[in-house]
> 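Below is one structure. I have some questions about it.
Per chain, numbering begins at 1; letters A, B, ... match sequence-line order. Given the structure is predicted, the values throughout are model-derived calculations rather than measurements.
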Amino acid sequence: MNDKFLTPYNPQETEPRIARAWEDSGFFNPEKMIAAGIIPSDAPAFSMVLPPPNVTGTLHLGHAMMLAVQDIMVRFHRMKGDKTLWLPGTDHAAIATQSKVEKNLQKEGVRKHDLGREEFLKRVEEFAQASHDTIVSQVRRMGSSVDWSREAFTLDKIRERAVRTAFKRMYDDGLIYRGDRIINWDPKGQTTISDDELVYVDEKTKFYYFKYGPFTIGTARPETKFGDKYVVMHPDDKRYAEYRNGQKLELEWINGPITATVIKDEAIDMEFGTGVMTITPWHSAIDFEIAERHELDKEQIIDQYGKLLPIAGEFAGLKISEARPKIVEKLESKGLLVKVEEDYMHRVATAERTGGIIEPQIMKQWFVDVKKEFTILHSKLSGIADGQKATLKELMRAAVENGQIKILPDRFEKVYFHWIDNLRDWNISRQIWYGHRVPVWYKGDKIHVGVEAPQEEGWEQDPDTLDTWFSSGLWTFSTLGWPDETDDLKTYHPTTILETGYDILFFWVARMILMSTYLLGDIPFKTVYLHGLVRDAQGRKMSKSLGNIIDPVDMADKYGADATRMALIIGTGPGNDIRLSEDKIKAYKLFANKLWNITRFVLSNSEDFDPQDDSSGMHAEWTDEFENILKDVTSDIENYRFYLAGEKLYHYVWHRFADQIIEESKAMLQDPQKRRQTQAALRKILADSLKALHPFMPFITEEIWSLMPGNGGKPEDMLMVEKWPVKVQ
RNA sequence: GCGCGAUUAGCUCAGUUGGUAGAGCAAUCGAUUUACACUCGAAAGGUCGGGGGUUCGAGUCCCUCAUCGCGCACCA
């Protein structure tokens with residue numbers, strides 16, 4: 001027996017060493033497995049992309065859980081003999097990264113405009129590079145068996161070509177257009193953001209009623225009312241039956257007399273307020289739609305910094321917060337204020353990244369049209385034929401509806417459909433500097449959309465960048481070499497499974513389905529497995545301000561990556577949030593040590609055991625029982641019940657194998673008749689336990705495996721490439 | 001407003017297709033110098049949120065209510 005077993009298991013020394021040995025073997029790369037003769041070249045493929053972490057800093061426990069779950073699947077399939085690819089990378093995360101760097105610069109008293117675009121981008125790239133390096137080392141530290149030789153970045157040269165190719169195709173098909181439409185403007189970040197990047201915050205505010213000619217209108221935002229010259233009511237509202245659509249009224253308003261026009265529109269809720277409202281099409285999505293329907297004028301009231309424009313007369317130049325009380329005061333003095341409700345609850349849209357209060361604005365932006373029909377040339381989607389016409393919405397819906405993509409837990413399919421039904425055109429241009437520059441060039445009134453810039457002089461590229469999800473939407477195939485028809489693409493796409501958090505179902509999962517069904521006519525993955533969020537022991541979200549963040553690398557250093565992984569897996573159902581405390585991680589460190597001592601007992605009691613000599617057979621009662629458990633565990637893993645599989649193994653190894661079988665074996669080992677068959681059974685159970693536990697606790701199992709008699713030294717002898725202990729269909 | 005989830009032992013949670021309630025932690029009692037004190041054993045602890053229904057049988061299926069949490073929409 002190796003002397004190492006005389007002291008307790010030491011994850012700190014073991015884990016980094018094992019991690020290096022795995023990488024040196026090259027077996028995270030499936031082609032190396034084939035070259036070494038471990039699997040045949042026609043083995044079935046299992047492929048998965050790592051959801052690329054944002055290069056905004058370091059990984060948290062949520063990432064660690066994701067890595068653990070995915071590594072379980074990957075190691076299981078690798079041992080099963082599949083051609084297994086887990087493809088890693090990072091996400092430039094455009095606005096998230098840029099605002100992080102801006103905040104850091106602010107601490108030094110530097111603003112991005114002082115640096116200029118080029119210099120600022122250099123700073124962002126330095127930051128991104130540093131984050132990337134940290135993240136990569138963290139992924140390695142957790143034992144994740146990703147194929148580094150294929151590592152990708154959403155903003156590298158190869159992905160840039162993919163992004164531009166995708167953009168051009170969509171543009172040529174009329175699915176990307178540039179237009180003056182209402183968008184979400186973030187005055188703080190000085191950029192537009194998509195509907196999905198909004199965070200609604202409940203706010204208590206005053207709600208004002210003003211006299212508007214013969215009507216009373218209600219508003220929480222008096223400062224937008226300057227340009228209001230349309231008064232809208234429901235066509236069926238009997239209270240206002242005497243007014244006709246298009247009727248003109250002369251009335252007194254904030255800065256003097258105006259001519260107002262009556263509009264009848266069904267968007268009005270008769271129950272709300274007085275059933276009458278004036279509209280501000282430039283700063284409200286609903287108002288914008290009404291204005292579009294009736295071809296009404298639109299006027300801008302508030303500028304991009306949140307200040308009133310000259311249309312506000314004496315109030316021009318004031319900020320919203322300053323202007324509001326003064327405007328109310330003026331209306332009151334003119335006798336136009338009817339009443340004020342004090343505690344009006346409403347929701348304010350804020351920007352997810354900057355916290356800025358969103359001001360809807362009409363701006364010239366780039367959009368993806370999700371409702372426009374186009375002709376699909378090559379379709380591998382069931383129910384969609386080559387040459388058929390469809391919209392992006394229809395493709396996204398079809399891929400899940402026809403069962404080609406399965407979302408787990410399946411309740412999220414409903415959520416997904418609901419999101420598609422409410423989906424509006426996707427605003428993809430951002431007024432930030434970090435990201436893929438919009439691949440469009442202008443010269444006078446000429447426009448060029450392409451993968452390459454025009455050769456001649458005088459063309460200027462669009463200054464905007466693309467929404468970060470535009471590039472991550474291509475991830476399953478841009479990482480495999482698309483737009484080229486590569487071998488990787490043929491072998492590994494569609495990917496087998498996508499494992500990610502339910503919080504990015506819309507942001508990312510839906511966009512990948514959009515991009516893949518459109519550009520490839522195929523699904524990006526067959527199964528989506530959604531995990532929950534990691535919370536602290538009290539069920540709170542982990543955040544810096546609460547000071548309850550647990551760093552996965554700290555935990556790995558303290559208790560071992562194996563223990564951290566187990567704590568993140570056990571007790572976690574798909575789609576459910578999990579609570580994690582340091583005590584739980586500690587408990588699995590004890591388990592690692594238990595496994596270590598089991599080995600110590602088995603090896604020290606079988607030094608005279610000769611595996612070649614099977615004259616006395618094996619104590620089959622134990623091994624048969626374990627085989628049944630292993631079959632059960634295998635089926636749990638195949639059906640994504642990792643928490644059950646892990647728990648069953650934990651329970652068996654500790655409370656059956658150690659507490660009962662080993663205790664019983666002590667007497668049997670003393671009996672010369674039974675000694676050999678007992679040893680054979682103990683060895684067999686230990687070996688199979690290590691194999692089955694390997695996907696969960698890869699480090700300690702690999703280490704013990706390498707110290708078992710007869711398992712010597714060569715890379716292809718490593719446990720990570722051993723055969724799974726029971727047959728799998 | 002629409003939808004989803006949760007509610008099971010003091011705490012954290014399992015319970016896969018309906019077949020007499022489970023684990024871990026905590027608390028209680030006991031054991032223990034050779035695999036392991038980073039240990040082992042024992043006992044204790046629940047009318048499975050309330051009510052109704054389907055069924056021979058419901059924690060599990062259906063209806064309803066309550067509390068908590070989440071998503072989406074609206075918010076003039």
Side-chain angles (χ1 to χ4, degrees), chain A residues 1 5-9 195-196 198 200 202-203 205 207-210 212 217-222 224-225 228 230-233 265 267-269 271-280 283-287 290 344-349 409-423 502-503 505-506 532-533 535 537-539 559 563 567 570-573 575-581 583-584 586-605 632 635-636 639-641 643-644 647-648 650-651 654-655 658-660 662-663 665-666 682:
Chain A
M1 185 182 69
F5 289 109
L6 298 176
T7 53
Y9 175 60
D195 294 345
D196 294 292
L198 300 179
Y200 289 94
D202 283 321
E203 190 194 64
T205 186
F207 192 78
Y208 305 93
Y209 289 91
F210 298 119
Y212 189 83
I217 57 154
T219 183
R221 301 203 54 192
T224 63
K225 296 284 146 198
D228 289 14
Y230 300 103
V231 59
V232 192
M233 58 215 73
D265 193 284
I268 301 298
D269 177 1
E271 309 291 313
F272 191 93
T274 57
V276 181
M277 71 173 192
T278 60
I279 56 167
T280 315
H283 300 288
S284 154
I286 283 282
D287 296 5
I290 294 174
Y344 176 70
M345 288 299 294
H346 73 154
R347 297 201 307 168
V348 182
D410 56 8
R411 60 187 151 92
F412 284 103
E413 293 192 353
K414 216 169 176 177
V415 179
Y416 173 81
F417 290 135
H418 188 243
W419 178 81
I420 289 179
D421 293 341
N422 286 302
L423 189 61
Y502 67 75
D503 54 330
L505 177 62
F506 307 143
L533 272 44
R535 295 172 180 277
Q538 279 90 49
Y559 305 107
I570 292 182
T572 73
N576 291 337
D577 294 352
I578 79 147
R579 297 188 180 194
L580 189 81
S581 61
D583 279 347
K584 191 172 175 188
K586 213 189 250 170
Y588 291 104
K589 179 187 174 357
L590 303 189
F591 178 60
N593 198 58
K594 191 74 183 178
L595 190 60
W596 189 254
N597 279 300
I598 288 170
T599 312
R600 178 178 172 181
F601 177 86
V602 172
L603 294 187
S604 68
N605 282 287
D632 209 22
S635 127
D636 283 337
N639 292 291
Y640 312 105
R641 297 187 295 257
Y643 56 106
L644 271 183
E647 206 169 288
K648 280 174 187 166
Y650 170 87
H651 193 262
W654 196 320
H655 299 297
D659 290 352
Q660 297 173 346
I662 285 184
E663 289 307 316
S665 78
K666 285 177 181 171
L682 292 177

> Can you tell me how far C1' of B/A35 sits from CG of A/D659, to the nearest Å?
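In whole Å, B/A35 C1' lies 12 Å from A/D659 CG.
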> Mind checking if A/H655 touches a base, just sugar-phosphate, or nothing, with heavy atoms under 4.0 Å?
sugar-phosphate
> Measure from CG on A/L6 to P on B/C36 and round the result to the nearest Å.
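Roughly 10 Å, once rounded to whole Å.
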> Give me the distance, rounded to whole Å, that separates B/G15 from B/G22 when you measure between the C1' atoms they each carry.
7 Å
> Counting N and O atoms only, with roles assigned by atom type, does the side chain of A/K584 sit under 3.5 Å from a partner on the main chain of A/A567, one being a donor and the other an acceptor?
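Yes, because the side chain of A/K584 sits within donor-acceptor range (under 3.5 Å) of the backbone of A/A567.
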> Reckon A/K584 touches a base, only the sugar-phosphate, or nothing at all at heavy-atom distances under 4.0 Å?
nothing
> Given B/A14, B/A23, B/G5, identify the nucleotide with an atom nearest to the side chain of A/Y643.
B/A14
> Please compare A/D196 and A/L644 by the position of their nearest nucleotide in RNA chain B and report the one closer to 5'.
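Nearest-nucleotide comparison on RNA chain B picks A/L644.
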> Taking any heavy-atom pair under 4.0 Å as a contact, classify A/R641: base, sugar-phosphate, or nothing.
base
> What's the closest nucleotide to the A/D636 side chain, out of B/C72, B/U16, B/A35?
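Within the option list, the nearest is B/U16.
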> 5'-most contact on RNA chain B: A/K225 or A/A658, nearest heavy atom basis?
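Closest to the 5' end, via its nearest nucleotide, is A/A658.
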> Given the C1' atoms of B/C72 and B/C56, what is the spacing between them in whole Å?
44 Å
> Between A/F272 and A/F207, what is the ring plane arrangement, given parallel below 30°, perpendicular above 60°, and tilted in between?
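Ring orientation, 0 to 90° scale: perpendicular.
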> Where do A/D287 and A/I279 come nearest, in terms of heavy atoms and distance?
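Heavy atoms only, the tightest pair is OD2-CA, 3.4 Å.
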> B/U60 and B/A43: how far apart are their P atoms, nearest whole angstrom?
30 Å
> Are any side-chain N or O atoms of A/Y212 and backbone N or O atoms of A/D228, one a donor and one an acceptor, separated by less than 3.5 Å?
yes
> Remember a base hit wins even if backbone is also touched, and classify A/I268 as base, sugar-phosphate or nothing at under 4.0 Å, heavy atoms.
base
> Rounded to the nearest 0.5 Å, what separates atom NE2 in A/H655 from atom NZ in A/K594?
8.5 Å
> Give one of base, sugar-phosphate or nothing for A/I598, where a contact means two heavy atoms less than 4.0 Å apart.
base
> Taking the side chain from A/S604 and the backbone from A/R600, do they hold a donor-acceptor pair closer than 3.5 Å?
yes
> Given A/F412, which partner from the list A/F417, A/Y502, A/W419 fulfils the ring-ring contact (aromatic ring centres under 6.0 Å, His included) test?
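Answer to the ring-ring contact (aromatic ring centres under 6.0 Å, His included) test with A/F412 among A/F417, A/Y502, A/W419: A/Y502.
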> Across all strands, who's sitting opposite B/G24 as a Watson-Crick or G-U wobble pair, both distances under 3.5 Å?
B/C11
> What's the CG-C1' distance between A/N597 and B/C40, to the nearest Å?
14 Å
> Look at the side chain of A/L590 and decide which nucleotide, out of B/U16, B/A35, B/U39, has an atom nearest to it.
B/U39
> B/C65 and B/C4: how far apart are their P atoms, nearest whole angstrom?
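Looking at atom P only, B/C65 and B/C4 are 14 Å apart.
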> Using the P atom in both, what is the distance from B/G46 to B/U8, to the nearest Å?
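It works out to 14 Å between them.
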> For A/F412, which contact category applies under a 4.0 Å heavy-atom criterion: base, sugar-phosphate, or nothing?
nothing
> Expressed as a whole number of Å, how far does the C1' atom of B/U33 sit from that of B/U39?
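Result for the C1' pair: 13 Å, nearest Å.
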> B/A73 P sits how many Å from A/L423 CG, rounded?
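So the CG-P distance, A/L423 to B/A73, works out to 10 Å.
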> Tell which nucleotide pairs with B/C40, taking only Watson-Crick or G-U wobble pairs whose two distances are both under 3.5 angstrom.
B/G30
> Tell me the interatomic distance from A/E647, atom CD, to B/U16, atom P, rounded to whole angstroms.
13 Å
> Students often get this wrong, so: under 4.0 angstrom with heavy atoms, is A/N422 touching a base, only sugar-phosphate, or nothing?
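It contacts sugar-phosphate atoms only.
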> Would you mind classifying the nucleic acid contact of A/I286 as base, sugar-phosphate or nothing, using non-hydrogen atoms under 4.0 angstrom?
sugar-phosphate
> Starting the side chain at C-beta, find the nucleotide from B/U39, B/A73, B/C38 nearest to A/K594.
B/U39
> Which nucleotide, in any strand shown, forms a Watson-Crick or G-U wobble pair with B/U67, with both distances under 3.5 Å?
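Its partner is B/A6 (Watson-Crick or G-U wobble, both distances under 3.5 Å).
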> Please tell me if A/K586 has a side-chain N or O lying less than 4.0 Å from either OP1 or OP2 of B/G24.
no
> Looking at A/K414, does any N or O in its side chain come under 4.0 Å of the phosphate oxygens OP1/OP2 on B/C4?
yes
> Identify whether any heavy atom of A/Y200 sits under 4.0 Å from a base atom; if not, whether one sits that close to sugar-phosphate; answer base, sugar-phosphate or nothing.
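The answer is base, as A/Y200 lies within the cut-off (heavy atoms under 4.0 Å) of a base atom.
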> Write down the distance between OH (A/Y588) and C1' (B/C25), rounded to a whole number of angstrom.
10 Å
> Using a heavy-atom cut-off of under 4.0 Å over every strand shown, decide if A/N605 touches base, sugar-phosphate, or nothing.
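It contacts nothing in the nucleic acid.
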> Reckon A/W654 has a side-chain N or O less than 4.0 Å from the OP1 or OP2 of B/C36?
no
> What integer distance in Å separates A/Q660:CD from B/C36:P?
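For the pair A/Q660 CD and B/C36 P, the rounded distance is 19 Å.
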> Drop me the distance from A/F5's CZ to A/T599's OG1, to the nearest 0.5 angstrom.
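Rounded to the nearest 0.5 Å, the CZ-OG1 separation comes to 5.0 Å.
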> Look at the side chain of A/P8 and decide which nucleotide, out of B/C38, B/U39, B/C36, has an atom nearest to it.
B/C38
> Roughly how far apart, to the nearest Å, are B/A9 and B/A66 at atom C1'?
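Roughly 23 Å separates the two C1' atoms.
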> In whole Å, what separates the C1' atom of B/A31 from that of B/G10?
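Rounded to whole Å, the distance is 26 Å.
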> Can you tell me how far P of B/C40 sits from CG of A/N593, to the nearest Å?
11 Å
> Need the pair for B/G1. Rule: Watson-Crick or G-U wobble, both distances under 3.5 Å, any strand; none if unpaired.
B/C72
> Any base atoms under 4.0 Å from A/A592, or only sugar-phosphate, or nothing? Heavy atoms, all strands.
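Contact class for A/A592: none.
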> Write down the atom of A/V231, the atom of A/M233, and the distance for their closest heavy-atom approach.
O-CE, 3.9 Å
> So A/S604, base contact, sugar-phosphate only, or nothing? Heavy-atom distance under 4.0 Å.
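Nothing: the residue A/S604, judged by heavy atoms under 4.0 Å, touches no strand.
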